Visitor: 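Provided herewith is a single structure, encoded as structure tokens, for subsequent inquiry.
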Amino acid sequence: MTPGLEGVVVAETILSKIDGAGGRLIVRGRPVEELAEATTFEGVAAFLWRGSNGSDDAEETDLRQAFAGARSLAFDRVAELAPLWRGLAPVAALRLGLAALPADARGLPPRQLVAGAVPVLVAAHHRARSGDPPVAPGPSLRHAADLLRMLRGERATDDESAALDAYLVTVAEHGMNASTFAARVVASTGAGELPAVVAALSALEGPLHGGAPGPVLDMLDAVEAAGGPEAARRWIEEELAAGRRLMGFGHRVYRARDPRAAVLRERVARLRGTGAGRLDLADAVEREALAALARHKPDRPLQTNVEFYTAILLDALGIPRDLFTPIFATGRVAGWLAHVSEQRRTGRLIRPSAEYVGP
Ligand code: ACO
């Protein structure tokens, strides 16, 4: 028996390779650092779904138009959804909104509809719970820029939009994680994109997958309250002495620094000119945390993971911390849908076995 299926290979994939020992992530043959620099969310979706070159080209423009159409179609549903959203947390509201999408939408292929709808539903739910009217999507904007605009009610700067775009590209695809596996299980039954994505999204509702960036910010707040960067070492030692884990460190697969952490840190650094970000504090906490983890767990290489700088970047963009998980889904949906296609093309009904230990 292999609980958690750790190390069990259930598919061949051309979508990504994670080199945990070397700290490298290769997406369809390209290092994640290069992709985040070269392309946009539309570009990475075209790259993952169609194998285009992932740079600004006709495929990217095509998807840009398709996503704009999908955003507008999803917005048509917002008035009906608003009363049903009352009291729901952001991921649950997104799940409900996706499940309510029409299966056949003005000729839009399902994966374009689903990926295109996500930011509209996230932003409209957030505004509804804040008592603000929804903001209609802008057909000429890129996905990332439009998401920020629909959340805030006004256009973000180009630097901010580019930073969010880089985030969406960076998290778009990451192998056979829990949500992607959930999507593939559903797709393996012959079900369509929508149910597969709803299943994947549901896997993000537990705290063990996709849920650490909020707690990373809680940790930075606590260090700040304790006295700022100079207090980081003492605060971290106290946490470890109390047997608690440091959020944003360690990973099931990476034994070296998660390459996505570097990409996102660099993006926060570029935003600094605008006065955004808490990079000095984050750098001090990262430095002290790595030193403390090396002292406490000398046999276990514990490094910074993607969630650490996700928290700093999304916070710098003014995104509330309980939206971090649905914003992650806005990027990852491209990977989920690529796996759904791959599962359909090459897979088989996923049906493992259980050892009976009952009476
Ligand atoms: N802080 C302190 N100690 C840690 C941490 C941490 N962040 N991570 C692991 N350890 C310790 C464990 O306590 C354990 O010690 P022990 O052997 O003395 O009991 C040892 O290192 C190994 O821990 P495992 O749970 O086996 O590590 P695993 O690789 O399975 O867990 C996980 C990975 C869950 C991410 C873990 O590192 C963790 O809880 N990190 C903090 C939460 C976090 O940042 N989550 C986001 C992960 S990234 C993502 O989801 C995309």
Side-chain angles (χ1 to χ4, degrees), residues 2-8 16 18-21 23-25 27 32 36 91 167-183 200-223 232-233 235-265 282 285-315 321 324-336 339:
T2 312
L5 302 182
E6 215 172 327
V8 177
S16 64
I18 304 166
D19 169 7
R24 278 162 38 97
L25 168 60
V27 180
V32 68
V91 175
Y167 169 73
L168 298 179
V169 172
T170 303
V171 301
E173 162 57 18
H174 204 242
M176 197 63 78
N177 53 83
S179 55
T180 300
F181 184 56
L201 183 67
S202 303
L204 294 183
E205 288 196 55
L208 297 186
H209 179 41
V216 167
L217 279 192
D218 297 339
M219 175 172 77
L220 290 192
D221 287 349
V223 172
R233 175 177 296 209
W235 189 90
I236 284 164
E237 281 299 340
E238 283 169 11
E239 283 296 289
L240 292 176
R244 285 190 284 270
R245 292 186 176 198
L246 301 177
M247 292 297 120
F249 298 91
H251 196 277
R252 180 51 64 82
V253 182
Y254 289 115
R255 292 292 166 250
R257 195 172 192 249
D258 185 329
R260 297 168 300 172
V263 173
L264 300 181
R265 189 201 172 282
V285 169
E286 184 183 15
R287 200 171 46 244
E288 295 299 342
L290 293 177
L293 288 169
R295 282 195 300 276
H296 283 257
K297 306 276 174 202
D299 304 329
R300 178 84 174 177
L302 293 170
Q303 294 288 330
T304 317
N305 65 45
V306 66
E307 308 275 27
F308 189 77
Y309 285 104
T310 291
I312 318 298
L313 179 65
L314 297 185
D315 185 47
R321 60 190 79 180
F324 289 2
T325 302
I327 301 284
F328 169 75
T330 307
R332 180 56 59 85
V333 71
W336 291 336
H339 278 273

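In each ligand, atom 1 is the first atom listed, and ligand 1 is the first ligand listed. None of the values given here were measured: they were computed from a predicted structure.
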Visitor: Of the choices R300, H296, E307, which has the non-hydrogen atom that lies closest to atom 29 (O) of ligand 1?
Guide: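 Ranked by closest heavy atom to atom 29 (O) of ligand 1, first place is R300.
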Visitor: Which label fits H174 and Y254: parallel for a plane angle under 30°, tilted from 30 to 60°, or perpendicular past 60°?
Guide: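 The rings of H174 and Y254 sit tilted, inter-plane angle from 30° to 60°.
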Visitor: Does ligand 1 come near enough to G248 that some N or O of the ligand is less than 3.5 Å from an N or O of the residue?
Guide: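 N/O-N/O distance below 3.5 Å exists for this pair.
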Visitor: Below 3.5 angstrom, do we get any N/O pair linking F249 and ligand 1?
Guide: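 N/O-N/O distance below 3.5 Å exists for this pair.
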Visitor: Quick one: look at R252 and ligand 1, take heavy-atom pairs under 4.0 Å, and tell me if it's side chain, backbone, both or neither.
Guide: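 Near ligand 1, R252 shows its backbone as well as its side chain.
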Visitor: Examine the proximity of ligand 1 to D258 and report which part, side chain or backbone, both or neither, has a heavy atom under 4.0 Å away.
Guide: neither
Visitor: Using a 4.0 Å heavy-atom threshold (strictly under), name the region of H174 that reaches ligand 1: side chain, backbone, both or neither.
Guide: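 No part of H174 is near ligand 1 at this cut-off.
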Visitor: Would you please determine whether M247 falls within less than 4.0 Å of ligand 1 on a heavy-atom basis?
Guide: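 Contact present.
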Visitor: Looking at G250, which atoms of ligand 1 are within less than 4.0 Å of one of its heavy atoms?
Guide: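 What qualifies from ligand 1 is 35 (C), 37 (O).
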Visitor: Nearest heavy atom to atom 11 (C) of ligand 1: which of K297, E6, R255 does it belong to?
Guide: K297
Visitor: Side chain or backbone, does L246 bring an N or O within less than 3.5 Å of an N or O on ligand 1?
Guide: yes
Visitor: Show the atoms of ligand 1 that are less than 4.0 angstrom away from any heavy atom in L240.
Guide: 2 (C)
Visitor: Hey, is ligand 1 close enough to R245 that some N/O pair sits below 3.5 Å?
Guide: yes
Visitor: Measure the distances from the heavy atoms of L293 to every atom of ligand 1 and state whether one is below 4.0 angstrom.
Guide: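 Flag set, L293 near ligand 1.
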Visitor: For R244 and ligand 1, does the shortest N/O to N/O distance drop below 3.5 Å?
Guide: no
